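Below, read A as the first sequence line, B as the second, and so on, with proteins coming before strands; counting in each chain starts at 1. Predicted model only: the values in this text are computed from it and were never measured.
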Amino acid sequence: MSLVVCRVRGTRNKERSPRCQAPSAKCILMSSQRLFYGTEMTKMKVETKQLYRDTATYAGKEVVLEGWIRTIRASKNIGFIELNDGTFFRNVQVVFGDTMPNFADIARLPIATALRVTGAVLETPEARQPFEICATEITVEAESSADYPLQKKRHSLEYLREIAHLRPRSNLFSAVFRVRSVAAFAVHKFFMENNFVYVHSPIITGSDAEGAGQMFKVTTLDMLNTPRTEAGKVDYSRDFFAKETHLTVSGQLEAEIFALAFKNVYTFGPTFRAENSNTARHAAEFWMIEPELAFADLKDNMDNIEAVIKYVFAYVLEQCPEEMDFFCEYVDKDLRERLDNVVKSEFGRVTYTEAIKILQQSGRSFEFPVKWGMDLQTEHERYLSEQVYKRPVFVTNYPKDIKSFYMRLDDDGTTVAATDLLVPGVGELVGASQREERYDVLVERMKSLGMDLEPYWWYLELRKFGGVKHSGYGIGFERLVMYLTGVTNIRDVIACPRTVGNLRI
RNA sequence: GCCUUAGUAGCUCAAUGGUAGAGCAACCGGCUGUUAACCGGUAGGUUGUAGGUUCGAGCCCUGCCUAAGGCGCCA
(Lines give C-alpha, C1' and ligand atoms only; values in the text may rest on other atoms or scores of the structure.)
Protein backbone atom coordinates (compact mmCIF):
# COMPACT_ATOMS: atom_id res chain seq x y z
CA MET A 1 0.00 0.00 0.00
CA SER A 2 1.44 3.31 -1.04
CA LEU A 3 1.26 6.05 1.51
CA VAL A 4 3.33 8.69 -0.16
CA VAL A 5 1.42 11.76 0.69
CA CYS A 6 1.99 14.44 -1.84
CA ARG A 7 4.21 13.36 -4.60
CA VAL A 8 4.37 16.67 -6.35
CA ARG A 9 7.57 17.26 -8.14
CA GLY A 10 7.34 21.00 -8.17
CA THR A 11 10.49 22.85 -7.28
CA ARG A 12 9.13 26.32 -6.83
CA ASN A 13 8.88 27.29 -3.15
CA LYS A 14 9.64 23.76 -2.20
CA GLU A 15 11.51 24.75 0.94
CA ARG A 16 9.21 27.54 2.02
CA SER A 17 5.73 26.29 1.30
CA PRO A 18 4.03 24.56 4.21
CA ARG A 19 1.98 22.63 1.69
CA CYS A 20 5.06 20.68 0.72
CA GLN A 21 6.07 19.84 4.27
CA ALA A 22 4.04 16.70 4.31
CA PRO A 23 4.39 14.23 7.17
CA SER A 24 6.44 11.16 6.42
CA ALA A 25 4.67 8.06 5.21
CA LYS A 26 5.75 6.17 8.28
CA CYS A 27 4.28 8.76 10.58
CA ILE A 28 0.96 8.57 8.82
CA LEU A 29 0.83 4.80 8.90
CA MET A 30 1.44 4.67 12.65
CA SER A 31 -1.04 7.33 13.64
CA SER A 32 -3.80 6.37 11.27
CA GLN A 33 -3.82 2.74 12.36
CA ARG A 34 -5.23 3.80 15.70
CA LEU A 35 -8.20 5.39 14.00
CA PHE A 36 -9.05 2.60 11.60
CA TYR A 37 -12.18 0.73 12.45
CA GLY A 38 -12.92 -2.88 11.62
CA THR A 39 -10.05 -4.84 10.19
CA GLU A 40 -6.70 -3.25 9.48
CA MET A 41 -7.52 -3.37 5.82
CA THR A 42 -10.59 -1.15 6.31
CA LYS A 43 -9.78 2.46 5.51
CA MET A 44 -11.20 5.25 7.67
CA LYS A 45 -14.28 6.61 5.92
CA VAL A 46 -14.95 10.24 6.73
CA GLU A 47 -17.51 12.87 5.88
CA THR A 48 -16.66 16.40 4.84
CA LYS A 49 -18.32 17.97 7.86
CA GLN A 50 -16.10 15.95 10.20
CA LEU A 51 -13.01 17.04 8.29
CA TYR A 52 -13.90 20.71 8.54
CA ARG A 53 -15.12 20.70 12.13
CA ASP A 54 -12.32 18.52 13.46
CA THR A 55 -9.45 19.02 11.06
CA ALA A 56 -6.70 18.56 13.63
CA THR A 57 -7.88 15.03 14.42
CA TYR A 58 -7.52 13.98 10.82
CA ALA A 59 -4.39 15.92 9.89
CA GLY A 60 -1.75 13.56 8.59
CA LYS A 61 -4.12 10.59 8.58
CA GLU A 62 -5.16 8.59 5.57
CA VAL A 63 -8.90 8.78 4.95
CA VAL A 64 -11.48 7.67 2.43
CA LEU A 65 -13.93 10.27 1.14
CA GLU A 66 -16.87 9.62 -1.19
CA GLY A 67 -18.48 12.48 -3.06
CA TRP A 68 -19.28 14.21 -6.32
CA ILE A 69 -17.02 16.39 -8.43
CA ARG A 70 -18.04 20.05 -8.23
CA THR A 71 -15.10 21.34 -10.25
CA ILE A 72 -12.00 19.73 -11.66
CA ARG A 73 -8.93 21.27 -13.26
CA ALA A 74 -5.73 19.61 -14.29
CA SER A 75 -2.47 20.33 -16.02
CA LYS A 76 0.00 17.81 -17.32
CA ASN A 77 1.19 16.37 -14.03
CA ILE A 78 -1.11 17.65 -11.31
CA GLY A 79 -4.81 18.13 -10.92
CA PHE A 80 -7.32 19.51 -8.43
CA ILE A 81 -10.81 18.27 -7.68
CA GLU A 82 -13.30 20.03 -5.49
CA LEU A 83 -15.31 17.19 -4.05
CA ASN A 84 -18.64 17.64 -2.30
CA ASP A 85 -20.14 14.75 -0.37
CA GLY A 86 -23.33 16.54 0.64
CA THR A 87 -22.61 16.59 4.37
CA PHE A 88 -21.28 20.12 4.38
CA PHE A 89 -21.65 23.35 2.45
CA ARG A 90 -18.00 23.59 1.49
CA ASN A 91 -16.06 21.31 -0.83
CA VAL A 92 -12.88 19.37 -0.12
CA GLN A 93 -9.94 20.01 -2.42
CA VAL A 94 -8.41 16.77 -3.63
CA VAL A 95 -4.93 16.97 -5.14
CA PHE A 96 -3.99 14.23 -7.55
CA GLY A 97 -0.72 13.71 -9.38
CA ASP A 98 0.53 11.72 -12.35
CA THR A 99 1.93 9.09 -10.00
CA MET A 100 -1.53 7.58 -10.10
CA PRO A 101 -1.83 5.13 -12.97
CA ASN A 102 -5.26 6.51 -13.91
CA PHE A 103 -4.23 10.18 -13.72
CA ALA A 104 -5.20 10.98 -17.33
CA ASP A 105 -8.58 9.24 -17.00
CA ILE A 106 -9.41 11.13 -13.80
CA ALA A 107 -8.34 14.46 -15.27
CA ARG A 108 -10.93 14.07 -18.03
CA LEU A 109 -13.92 13.29 -15.80
CA PRO A 110 -16.94 15.55 -16.11
CA ILE A 111 -18.54 17.47 -13.26
CA ALA A 112 -20.99 15.50 -11.04
CA THR A 113 -19.05 12.26 -11.38
CA ALA A 114 -19.09 10.34 -8.09
CA LEU A 115 -15.68 9.36 -6.74
CA ARG A 116 -14.12 7.41 -3.93
CA VAL A 117 -10.89 9.09 -2.91
CA THR A 118 -8.22 7.64 -0.66
CA GLY A 119 -5.53 9.97 0.56
CA ALA A 120 -3.88 11.81 3.41
CA VAL A 121 -5.28 14.93 4.99
CA LEU A 122 -2.82 17.80 4.78
CA GLU A 123 -3.38 21.04 6.63
CA THR A 124 -2.84 24.08 4.42
CA PRO A 125 -3.30 27.11 6.69
CA GLU A 126 -1.98 29.57 4.10
CA ALA A 127 -4.23 28.39 1.27
CA ARG A 128 -7.81 29.37 0.54
CA GLN A 129 -9.00 26.11 2.07
CA PRO A 130 -7.82 24.96 5.52
CA PHE A 131 -6.79 21.50 4.33
CA GLU A 132 -6.70 19.27 1.30
CA ILE A 133 -6.51 15.59 0.53
CA CYS A 134 -3.44 14.31 -1.29
CA ALA A 135 -4.92 11.41 -3.22
CA THR A 136 -3.17 8.07 -3.47
CA GLU A 137 -6.10 6.32 -5.09
CA ILE A 138 -9.19 7.57 -6.89
CA THR A 139 -11.91 5.25 -8.16
CA VAL A 140 -14.99 6.24 -10.11
CA GLU A 141 -18.24 5.25 -8.37
CA ALA A 142 -20.63 6.67 -10.97
CA GLU A 143 -19.70 8.65 -14.03
CA SER A 144 -21.50 11.77 -15.16
CA SER A 145 -21.95 13.18 -18.64
CA ALA A 146 -20.60 16.26 -20.39
CA ASP A 147 -24.13 17.58 -20.90
CA TYR A 148 -24.68 17.99 -17.13
CA PRO A 149 -26.82 21.14 -16.99
CA LEU A 150 -25.12 22.74 -13.97
CA GLN A 151 -21.95 24.58 -14.87
CA LYS A 152 -19.31 25.85 -12.51
CA LYS A 153 -20.56 29.37 -12.75
CA ARG A 154 -23.52 31.35 -11.53
CA HIS A 155 -26.89 30.40 -12.97
CA SER A 156 -30.09 32.41 -12.87
CA LEU A 157 -32.69 31.31 -10.33
CA GLU A 158 -35.21 30.99 -13.17
CA TYR A 159 -32.99 28.51 -14.97
CA LEU A 160 -32.36 26.53 -11.80
CA ARG A 161 -36.12 26.31 -11.19
CA GLU A 162 -36.40 24.49 -14.51
CA ILE A 163 -33.99 21.82 -13.27
CA ALA A 164 -35.45 21.38 -9.79
CA HIS A 165 -34.11 17.81 -9.68
CA LEU A 166 -30.51 19.05 -9.96
CA ARG A 167 -30.55 22.42 -8.26
CA PRO A 168 -29.94 21.06 -4.72
CA ARG A 169 -26.41 20.40 -6.01
CA SER A 170 -25.77 24.11 -6.55
CA ASN A 171 -24.17 26.26 -3.85
CA LEU A 172 -27.26 28.36 -3.21
CA PHE A 173 -29.68 25.48 -2.85
CA SER A 174 -27.19 23.44 -0.87
CA ALA A 175 -27.17 26.32 1.61
CA VAL A 176 -30.91 27.03 1.50
CA PHE A 177 -32.04 23.49 2.16
CA ARG A 178 -29.49 22.86 4.88
CA VAL A 179 -30.69 26.04 6.60
CA ARG A 180 -34.29 24.97 6.11
CA SER A 181 -33.53 21.67 7.83
CA VAL A 182 -31.70 23.31 10.72
CA ALA A 183 -34.47 25.90 11.13
CA ALA A 184 -37.11 23.17 11.25
CA PHE A 185 -35.16 21.39 13.95
CA ALA A 186 -34.78 24.65 15.88
CA VAL A 187 -38.55 25.13 15.80
CA HIS A 188 -39.09 21.72 17.38
CA LYS A 189 -36.25 22.30 19.84
CA PHE A 190 -37.73 25.60 21.01
CA PHE A 191 -41.19 24.20 21.61
CA MET A 192 -39.95 20.99 23.22
CA GLU A 193 -37.70 22.96 25.57
CA ASN A 194 -40.74 25.06 26.51
CA ASN A 195 -42.85 21.97 27.20
CA PHE A 196 -45.20 22.28 24.20
CA VAL A 197 -46.90 19.15 22.85
CA TYR A 198 -46.43 18.50 19.13
CA VAL A 199 -49.80 17.77 17.52
CA HIS A 200 -50.27 16.20 14.10
CA SER A 201 -53.38 17.96 12.88
CA PRO A 202 -55.24 16.31 9.99
CA ILE A 203 -54.32 16.90 6.35
CA ILE A 204 -57.79 15.96 5.10
CA THR A 205 -60.57 18.05 6.55
CA GLY A 206 -64.34 17.86 6.48
CA SER A 207 -65.15 21.49 7.09
CA ASP A 208 -65.23 23.45 3.87
CA ALA A 209 -65.28 26.96 5.28
CA GLU A 210 -62.26 27.51 7.43
CA GLY A 211 -62.07 31.03 6.13
CA ALA A 212 -58.53 30.94 4.82
CA GLY A 213 -59.20 30.77 1.12
CA GLN A 214 -59.89 28.34 -1.69
CA MET A 215 -59.39 24.66 -0.90
CA PHE A 216 -58.35 21.59 -2.89
CA LYS A 217 -61.03 18.92 -3.11
CA VAL A 218 -60.19 15.39 -1.98
CA THR A 219 -62.26 12.70 -3.67
CA THR A 220 -62.16 9.18 -5.07
CA LEU A 221 -65.27 9.70 -7.21
CA ASP A 222 -65.01 9.01 -10.94
CA MET A 223 -64.71 12.47 -12.45
CA LEU A 224 -66.23 11.31 -15.74
CA ASN A 225 -69.20 9.69 -14.06
CA THR A 226 -69.97 11.41 -10.77
CA PRO A 227 -72.94 10.08 -8.81
CA ARG A 228 -75.73 12.67 -8.50
CA THR A 229 -78.43 13.37 -5.99
CA GLU A 230 -82.05 13.72 -7.07
CA ALA A 231 -81.48 17.47 -7.05
CA GLY A 232 -78.70 16.99 -9.60
CA LYS A 233 -75.83 17.84 -7.27
CA VAL A 234 -72.74 15.67 -6.71
CA ASP A 235 -73.67 12.90 -4.27
CA TYR A 236 -70.82 13.05 -1.78
CA SER A 237 -72.49 10.42 0.39
CA ARG A 238 -70.98 7.95 -2.08
CA ASP A 239 -67.51 9.46 -1.84
CA PHE A 240 -64.71 7.89 0.23
CA PHE A 241 -65.59 9.65 3.49
CA ALA A 242 -69.31 9.81 2.66
CA LYS A 243 -69.04 13.58 2.73
CA GLU A 244 -67.31 16.41 0.90
CA THR A 245 -63.65 16.71 1.95
CA HIS A 246 -60.69 18.99 1.28
CA LEU A 247 -57.00 19.41 1.99
CA THR A 248 -56.43 21.49 5.09
CA VAL A 249 -55.78 25.22 4.90
CA SER A 250 -54.98 25.42 8.61
CA GLY A 251 -54.64 23.14 11.61
CA GLN A 252 -55.67 25.88 13.98
CA LEU A 253 -59.14 24.70 14.93
CA GLU A 254 -57.83 21.21 15.66
CA ALA A 255 -54.90 22.70 17.58
CA GLU A 256 -57.40 24.46 19.82
CA ILE A 257 -58.78 21.03 20.81
CA PHE A 258 -55.37 20.03 22.07
CA ALA A 259 -54.51 23.38 23.68
CA LEU A 260 -57.58 22.94 25.88
CA ALA A 261 -56.20 19.54 26.94
CA PHE A 262 -52.40 20.04 27.00
CA LYS A 263 -52.20 23.82 27.62
CA ASN A 264 -49.43 24.59 25.12
CA VAL A 265 -49.27 22.79 21.77
CA TYR A 266 -48.03 23.33 18.25
CA THR A 267 -48.50 21.84 14.81
CA PHE A 268 -45.87 21.84 12.09
CA GLY A 269 -46.86 20.42 8.76
CA PRO A 270 -48.00 20.98 5.20
CA THR A 271 -50.87 23.28 4.29
CA PHE A 272 -52.69 23.69 0.99
CA ARG A 273 -54.26 26.73 -0.63
CA ALA A 274 -55.88 26.62 -4.05
CA GLU A 275 -55.66 30.40 -4.43
CA ASN A 276 -54.84 31.87 -7.82
CA SER A 277 -51.92 33.73 -6.29
CA ASN A 278 -49.10 34.90 -8.51
CA THR A 279 -46.52 36.38 -6.19
CA ALA A 280 -43.04 35.56 -4.95
CA ARG A 281 -44.36 34.74 -1.47
CA HIS A 282 -47.29 32.41 -2.17
CA ALA A 283 -47.31 28.69 -2.89
CA ALA A 284 -50.14 26.17 -3.19
CA GLU A 285 -48.36 23.78 -0.81
CA PHE A 286 -46.36 25.18 2.07
CA TRP A 287 -45.50 24.41 5.67
CA MET A 288 -46.97 26.16 8.64
CA ILE A 289 -46.16 26.22 12.33
CA GLU A 290 -49.33 26.74 14.34
CA PRO A 291 -48.85 27.01 18.10
CA GLU A 292 -51.84 27.34 20.39
CA LEU A 293 -51.50 28.53 23.99
CA ALA A 294 -54.15 28.14 26.72
CA PHE A 295 -54.45 30.67 29.55
CA ALA A 296 -52.79 33.13 27.20
CA ASP A 297 -53.92 36.51 25.90
CA LEU A 298 -52.69 38.46 22.89
CA LYS A 299 -49.64 39.83 24.73
CA ASP A 300 -48.58 36.35 25.84
CA ASN A 301 -49.05 35.32 22.24
CA MET A 302 -46.78 38.06 20.89
CA ASP A 303 -44.13 37.34 23.51
CA ASN A 304 -44.08 33.73 22.40
CA ILE A 305 -43.87 34.64 18.70
CA GLU A 306 -40.96 36.98 19.36
CA ALA A 307 -39.20 34.33 21.44
CA VAL A 308 -39.46 31.53 18.90
CA ILE A 309 -38.30 33.67 15.99
CA LYS A 310 -35.31 34.95 17.91
CA TYR A 311 -34.48 31.44 19.06
CA VAL A 312 -34.64 29.95 15.55
CA PHE A 313 -32.59 32.78 14.05
CA ALA A 314 -29.92 32.56 16.73
CA TYR A 315 -29.72 28.78 16.35
CA VAL A 316 -29.32 28.93 12.57
CA LEU A 317 -26.71 31.70 12.81
CA GLU A 318 -24.76 29.53 15.24
CA GLN A 319 -25.14 26.22 13.38
CA CYS A 320 -24.76 27.36 9.77
CA PRO A 321 -21.97 29.96 9.65
CA GLU A 322 -20.71 28.86 6.23
CA GLU A 323 -24.18 29.03 4.71
CA MET A 324 -24.85 32.44 6.25
CA ASP A 325 -21.53 33.74 4.92
CA PHE A 326 -22.56 32.59 1.48
CA PHE A 327 -25.95 34.32 1.65
CA CYS A 328 -24.28 37.52 2.82
CA GLU A 329 -21.79 37.44 -0.03
CA TYR A 330 -24.02 36.36 -2.92
CA VAL A 331 -27.64 36.99 -1.97
CA ASP A 332 -27.89 40.00 0.34
CA LYS A 333 -24.96 41.99 1.69
CA ASP A 334 -26.94 43.33 4.65
CA LEU A 335 -28.37 39.98 5.72
CA ARG A 336 -26.21 39.34 8.76
CA GLU A 337 -26.69 42.82 10.14
CA ARG A 338 -30.43 42.49 9.67
CA LEU A 339 -30.60 39.08 11.36
CA ASP A 340 -28.39 40.20 14.23
CA ASN A 341 -30.78 43.11 14.61
CA VAL A 342 -33.76 40.73 14.78
CA VAL A 343 -32.10 38.63 17.47
CA LYS A 344 -30.98 41.57 19.60
CA SER A 345 -33.70 44.20 19.30
CA GLU A 346 -37.26 44.27 20.55
CA PHE A 347 -39.91 43.83 17.91
CA GLY A 348 -42.07 46.88 17.29
CA ARG A 349 -45.65 46.83 18.60
CA VAL A 350 -48.28 49.20 17.30
CA THR A 351 -52.06 49.10 17.18
CA TYR A 352 -53.83 49.17 13.85
CA THR A 353 -55.38 52.51 14.80
CA GLU A 354 -51.95 54.00 15.60
CA ALA A 355 -50.51 52.51 12.40
CA ILE A 356 -53.23 54.22 10.37
CA LYS A 357 -52.26 57.53 11.98
CA ILE A 358 -48.56 56.94 11.23
CA LEU A 359 -49.39 56.22 7.60
CA GLN A 360 -51.68 59.23 7.30
CA GLN A 361 -49.06 61.54 8.83
CA SER A 362 -46.18 60.07 6.78
CA GLY A 363 -46.64 62.57 4.01
CA ARG A 364 -46.37 59.72 1.52
CA SER A 365 -48.87 59.30 -1.25
CA PHE A 366 -49.99 55.69 -1.37
CA GLU A 367 -51.77 54.05 -4.27
CA PHE A 368 -54.45 52.95 -1.80
CA PRO A 369 -55.49 55.96 0.32
CA VAL A 370 -55.19 55.27 4.04
CA LYS A 371 -58.44 55.18 5.93
CA TRP A 372 -59.48 53.56 9.22
CA GLY A 373 -61.37 50.33 8.51
CA MET A 374 -59.41 49.35 5.41
CA ASP A 375 -57.10 46.37 5.33
CA LEU A 376 -53.45 47.32 5.18
CA GLN A 377 -52.10 46.89 1.65
CA THR A 378 -48.64 45.59 0.85
CA GLU A 379 -47.36 49.13 0.28
CA HIS A 380 -48.53 50.13 3.77
CA GLU A 381 -47.07 47.05 5.42
CA ARG A 382 -43.77 47.59 3.64
CA TYR A 383 -43.64 51.24 4.68
CA LEU A 384 -44.22 50.32 8.33
CA SER A 385 -41.71 47.46 8.52
CA GLU A 386 -39.06 48.74 6.11
CA GLN A 387 -39.17 52.52 6.62
CA VAL A 388 -40.66 53.25 10.05
CA TYR A 389 -39.52 50.32 12.19
CA LYS A 390 -36.78 48.68 10.06
CA ARG A 391 -37.35 45.46 12.01
CA PRO A 392 -40.24 43.08 12.67
CA VAL A 393 -43.32 44.90 13.90
CA PHE A 394 -46.60 43.62 15.36
CA VAL A 395 -49.69 45.46 14.18
CA THR A 396 -52.48 44.69 16.65
CA ASN A 397 -56.22 45.09 17.17
CA TYR A 398 -57.54 45.21 13.62
CA PRO A 399 -61.14 46.17 12.81
CA LYS A 400 -63.32 43.09 13.29
CA ASP A 401 -64.84 43.42 9.82
CA ILE A 402 -61.57 42.55 8.07
CA LYS A 403 -60.65 39.59 10.30
CA SER A 404 -61.83 36.02 10.90
CA PHE A 405 -64.79 34.89 12.98
CA TYR A 406 -62.77 33.13 15.68
CA MET A 407 -60.81 36.22 16.78
CA ARG A 408 -61.73 37.64 20.18
CA LEU A 409 -63.83 40.79 20.12
CA ASP A 410 -62.22 43.70 21.98
CA ASP A 411 -64.13 45.57 24.66
CA ASP A 412 -64.76 48.48 22.27
CA GLY A 413 -66.81 46.13 20.10
CA THR A 414 -65.14 47.34 16.90
CA THR A 415 -61.72 45.68 16.88
CA VAL A 416 -60.44 42.15 17.56
CA ALA A 417 -57.44 40.85 19.50
CA ALA A 418 -55.49 39.95 16.38
CA THR A 419 -51.99 40.76 15.24
CA ASP A 420 -49.90 40.37 12.11
CA LEU A 421 -46.13 40.32 12.36
CA LEU A 422 -44.72 42.29 9.44
CA VAL A 423 -41.08 41.86 8.49
CA PRO A 424 -38.98 43.75 5.96
CA GLY A 425 -38.76 42.10 2.55
CA VAL A 426 -41.12 39.24 3.31
CA GLY A 427 -44.32 40.95 4.43
CA GLU A 428 -46.67 39.10 6.73
CA LEU A 429 -44.64 36.42 8.47
CA VAL A 430 -47.09 35.57 11.25
CA GLY A 431 -50.85 35.88 11.63
CA ALA A 432 -52.08 35.63 15.22
CA SER A 433 -55.01 36.20 17.49
CA GLN A 434 -56.55 35.60 20.85
CA ARG A 435 -59.45 33.24 20.18
CA GLU A 436 -63.05 34.11 21.06
CA GLU A 437 -63.63 31.89 24.10
CA ARG A 438 -67.09 33.33 25.02
CA TYR A 439 -69.69 30.93 23.66
CA ASP A 440 -72.46 33.49 23.19
CA VAL A 441 -70.22 36.10 21.59
CA LEU A 442 -68.79 33.51 19.20
CA VAL A 443 -72.21 32.19 18.15
CA GLU A 444 -73.47 35.70 17.57
CA ARG A 445 -70.42 36.54 15.47
CA MET A 446 -70.77 33.41 13.32
CA LYS A 447 -74.46 34.04 12.80
CA SER A 448 -73.84 37.65 11.78
CA LEU A 449 -71.38 36.36 9.17
CA GLY A 450 -74.03 33.97 7.86
CA MET A 451 -72.04 30.88 8.80
CA ASP A 452 -73.55 27.43 9.16
CA LEU A 453 -72.96 26.47 12.81
CA GLU A 454 -73.46 22.72 12.36
CA PRO A 455 -69.96 21.77 11.10
CA TYR A 456 -68.49 23.69 14.04
CA TRP A 457 -70.48 21.91 16.75
CA TRP A 458 -67.30 20.54 18.32
CA TYR A 459 -65.53 23.90 18.09
CA LEU A 460 -68.39 25.57 19.93
CA GLU A 461 -68.55 22.77 22.47
CA LEU A 462 -64.91 23.47 23.46
CA ARG A 463 -66.25 26.81 24.80
CA LYS A 464 -68.74 25.05 27.07
CA PHE A 465 -66.35 22.83 29.02
CA GLY A 466 -63.67 24.96 30.64
CA GLY A 467 -63.01 26.97 27.56
CA VAL A 468 -60.43 29.36 28.99
CA LYS A 469 -58.94 32.27 27.15
CA HIS A 470 -56.43 31.02 24.62
CA SER A 471 -54.37 32.35 21.76
CA GLY A 472 -52.42 31.08 18.82
CA TYR A 473 -50.67 31.94 15.62
CA GLY A 474 -49.48 30.67 12.28
CA ILE A 475 -45.93 31.12 10.99
CA GLY A 476 -45.35 30.61 7.30
CA PHE A 477 -42.28 28.41 7.49
CA GLU A 478 -41.08 29.21 3.97
CA ARG A 479 -41.37 32.92 4.68
CA LEU A 480 -39.26 32.36 7.77
CA VAL A 481 -36.63 30.61 5.62
CA MET A 482 -36.80 33.46 3.10
CA TYR A 483 -36.18 35.96 5.85
CA LEU A 484 -33.28 33.88 7.18
CA THR A 485 -31.57 33.38 3.82
CA GLY A 486 -32.38 36.60 1.97
CA VAL A 487 -33.91 34.55 -0.86
CA THR A 488 -36.83 36.57 -2.19
CA ASN A 489 -38.87 33.94 -4.06
CA ILE A 490 -40.75 31.24 -2.13
CA ARG A 491 -40.20 28.84 -5.05
CA ASP A 492 -36.52 28.83 -4.14
CA VAL A 493 -36.93 27.65 -0.54
CA ILE A 494 -39.24 24.70 -1.36
CA ALA A 495 -37.80 21.45 -2.72
CA CYS A 496 -40.48 20.95 -5.33
CA PRO A 497 -42.62 24.09 -5.43
CA ARG A 498 -46.32 23.98 -6.37
CA THR A 499 -47.87 27.18 -7.69
CA VAL A 500 -50.79 27.94 -10.00
CA GLY A 501 -50.25 26.17 -13.31
CA ASN A 502 -46.89 24.83 -12.22
CA LEU A 503 -45.97 21.41 -10.84
CA ARG A 504 -42.83 20.29 -12.62
CA ILE A 505 -41.54 17.59 -10.33
C1' G B 1 -57.55 37.34 -11.80
C1' C B 2 -55.34 42.45 -13.22
C1' C B 3 -51.00 45.65 -14.85
C1' U B 4 -45.91 45.96 -16.77
C1' U B 5 -41.56 43.87 -18.89
C1' A B 6 -38.93 40.09 -21.28
C1' G B 7 -38.01 35.61 -24.59
C1' U B 8 -31.34 35.51 -29.58
C1' A B 9 -26.00 29.30 -29.16
C1' G B 10 -26.29 24.43 -23.51
C1' C B 11 -25.80 29.01 -19.80
C1' U B 12 -25.31 34.62 -19.16
C1' C B 13 -25.94 38.43 -22.49
C1' A B 14 -24.79 41.94 -27.23
C1' A B 15 -26.58 43.37 -32.15
C1' U B 16 -29.46 52.03 -35.38
C1' G B 17 -35.27 48.19 -39.95
C1' G B 18 -29.77 46.38 -43.96
C1' U B 19 -23.82 40.16 -43.51
C1' A B 20 -26.74 37.29 -36.15
C1' G B 21 -21.83 38.19 -32.21
C1' A B 22 -19.05 37.76 -27.24
C1' G B 23 -17.81 35.34 -22.54
C1' C B 24 -18.47 30.75 -20.15
C1' A B 25 -19.75 25.43 -21.08
C1' A B 26 -18.71 21.36 -24.86
C1' C B 27 -14.81 19.19 -28.13
C1' C B 28 -9.23 19.09 -29.62
C1' G B 29 -4.35 20.62 -28.05
C1' G B 30 -0.83 23.04 -24.43
C1' C B 31 0.54 24.06 -19.37
C1' U B 32 4.47 21.34 -12.56
C1' G B 33 0.05 24.19 -7.04
C1' U B 34 -4.81 25.40 -9.24
C1' U B 35 -9.14 28.27 -6.63
C1' A B 36 -15.63 30.07 -11.47
C1' A B 37 -7.40 28.05 -13.06
C1' C B 38 -4.89 29.80 -17.41
C1' C B 39 -3.30 29.87 -22.98
C1' G B 40 -4.41 28.40 -28.30
C1' G B 41 -7.92 26.25 -31.66
C1' U B 42 -12.80 23.77 -33.38
C1' A B 43 -17.82 23.28 -33.58
C1' G B 44 -22.40 25.33 -32.09
C1' G B 45 -28.58 29.58 -34.55
C1' U B 46 -35.75 28.13 -38.29
C1' U B 47 -33.77 34.88 -32.91
C1' G B 48 -40.49 31.37 -28.03
C1' U B 49 -44.71 30.60 -31.61
C1' A B 50 -48.51 31.81 -35.62
C1' G B 51 -49.64 35.65 -38.71
C1' G B 52 -49.03 40.84 -40.60
C1' U B 53 -46.39 45.58 -42.37
C1' U B 54 -41.88 46.41 -45.48
C1' C B 55 -37.61 46.02 -51.24
C1' G B 56 -35.73 43.97 -46.59
C1' A B 57 -37.80 42.17 -39.63
C1' G B 58 -33.96 39.58 -34.00
C1' C B 59 -35.78 44.85 -34.08
C1' C B 60 -42.30 47.54 -36.04
C1' C B 61 -47.86 45.59 -35.40
C1' U B 62 -51.57 41.57 -33.71
C1' G B 63 -52.82 36.82 -31.41
C1' C B 64 -50.99 32.76 -28.52
C1' C B 65 -47.26 30.31 -25.17
C1' U B 66 -43.65 30.80 -21.26
C1' A B 67 -41.08 33.46 -17.53
C1' A B 68 -40.03 37.58 -14.38
C1' G B 69 -41.57 42.02 -11.57
C1' G B 70 -45.78 44.61 -9.31
C1' C B 71 -50.96 44.32 -7.36
C1' G B 72 -55.08 41.49 -5.23
C1' C B 73 -55.93 36.95 -1.94
C1' C B 74 -52.70 35.20 2.52
C1' A B 75 -48.77 32.49 5.81
Can Phe286(A) be classed as stacking with the base of A75(B), given a centroid separation cut-off of 5.5 Å and a plane angle cut-off of 30°?
yes

Closest contact, heavy atoms only, Tyr398(A) versus Asp375(A):
CE2-OD1, 4.4 Å

Atom CG of Asp375(A) to atom P of C74(B): distance rounded to whole Å?
7 Å

Without decimals, in angstroms, what is the distance between Lys152(A) NZ and G23(B) P?
17 Å

Between A25(B) and C38(B), how many Å separate the two C1' atoms, rounded to a whole number?
16 Å

Given the options Arg90(A), Arg73(A), Lys152(A), Glu82(A) meets salt bridge (charged side-chain N to carboxylate O under 4.0 Å, His left out) only with Arg73(A)

Counting only side-chain N and O atoms of Lys76(A), is one of them less than 4.0 Å from OP1 or OP2 of C31(B)?
yes

Report each atom pair, protein N/O against N/O of nucleotides 67-69 of chain B, whose distance is under 3.5 angstrom.
| residue | atom | partner | partner atom | Å |
| --- | --- | --- | --- | --- |
| A67(B) | OP1 | Asn502(A) | ND2 | 2.8 |
| A68(B) | OP1 | Arg161(A) | NH1 | 2.6 |

Under 4.0 angstrom between Ser277(A) side-chain N/O and C74(B) OP1 or OP2:
no

For Thr71(A), answer base if it contacts any base atom (sugar-phosphate contacts may also be present), sugar-phosphate if it contacts only those atoms, and nothing otherwise; contact means non-hydrogen atoms under 4.0 Å.
sugar-phosphate

Of the candidate nucleotides C73(B), C11(B), U34(B), which contains the atom at the shortest distance from the side chain of Glu275(A)?
C73(B)

Measuring from the side chain of Arg281(A) (C-beta onward, heavy atoms only), which nucleotide among U12(B), C73(B), A26(B) has the closest atom?
C73(B)

Phosphate oxygens OP1/OP2 of G72(B): is one of them under 4.0 Å from a side-chain N or O of Thr378(A)?
yes

Expressed as a whole number of Å, how far does the P atom of C31(B) sit from that of G40(B)?
15 Å

Is a salt bridge present between Glu478(A) and Arg498(A), judged by a nitrogen-to-oxygen distance below 4.0 Å?
no

Taking the six-membered ring for Trp, is the centroid-to-centroid distance between Tyr383(A) and Phe366(A) below 6.0 Å?
yes

Pairwise P distance, C28(B) and G52(B) [rounded to whole Å]:
46 Å

Do Asp297(A) and Arg408(A) meet the salt-bridge criterion of a basic N to acidic O distance under 4.0 Å?
no

Based on Watson-Crick and G-U pairs with both distances under 3.5 Å, what dot-bracket line describes RNA chain B 5' to 3', crossing pairs as [ ] and inter-strand pairs as |?
(((((((..((((....[..)))).(((((.......))))).....(((((..]....))))))))))))....

Could you check whether Ile111(A) gets within reach of a base, just the sugar-phosphate, or nothing at all, counting any heavy atom under 4.0 Å?
nothing

Given U34(B), C71(B), C74(B), which nucleotide is nearest the side-chain atoms of Phe368(A)?
C71(B)

Find the distance Gln151(A):CD to C13(B):C1' and express it as a whole number of Å.
14 Å

Would you kindly give the CG-to-C1' distance between Asn276(A) and C2(B), to the nearest whole Å?
10 Å

Rounded off to whole Å, could you give me the CZ-to-C1' distance for the Phe103(A) and G33(B) pair?
12 Å

Please tell me whether Phe96(A) and Phe103(A) form a close aromatic pair, meaning their ring centres lie under 6.0 Å apart.
yes

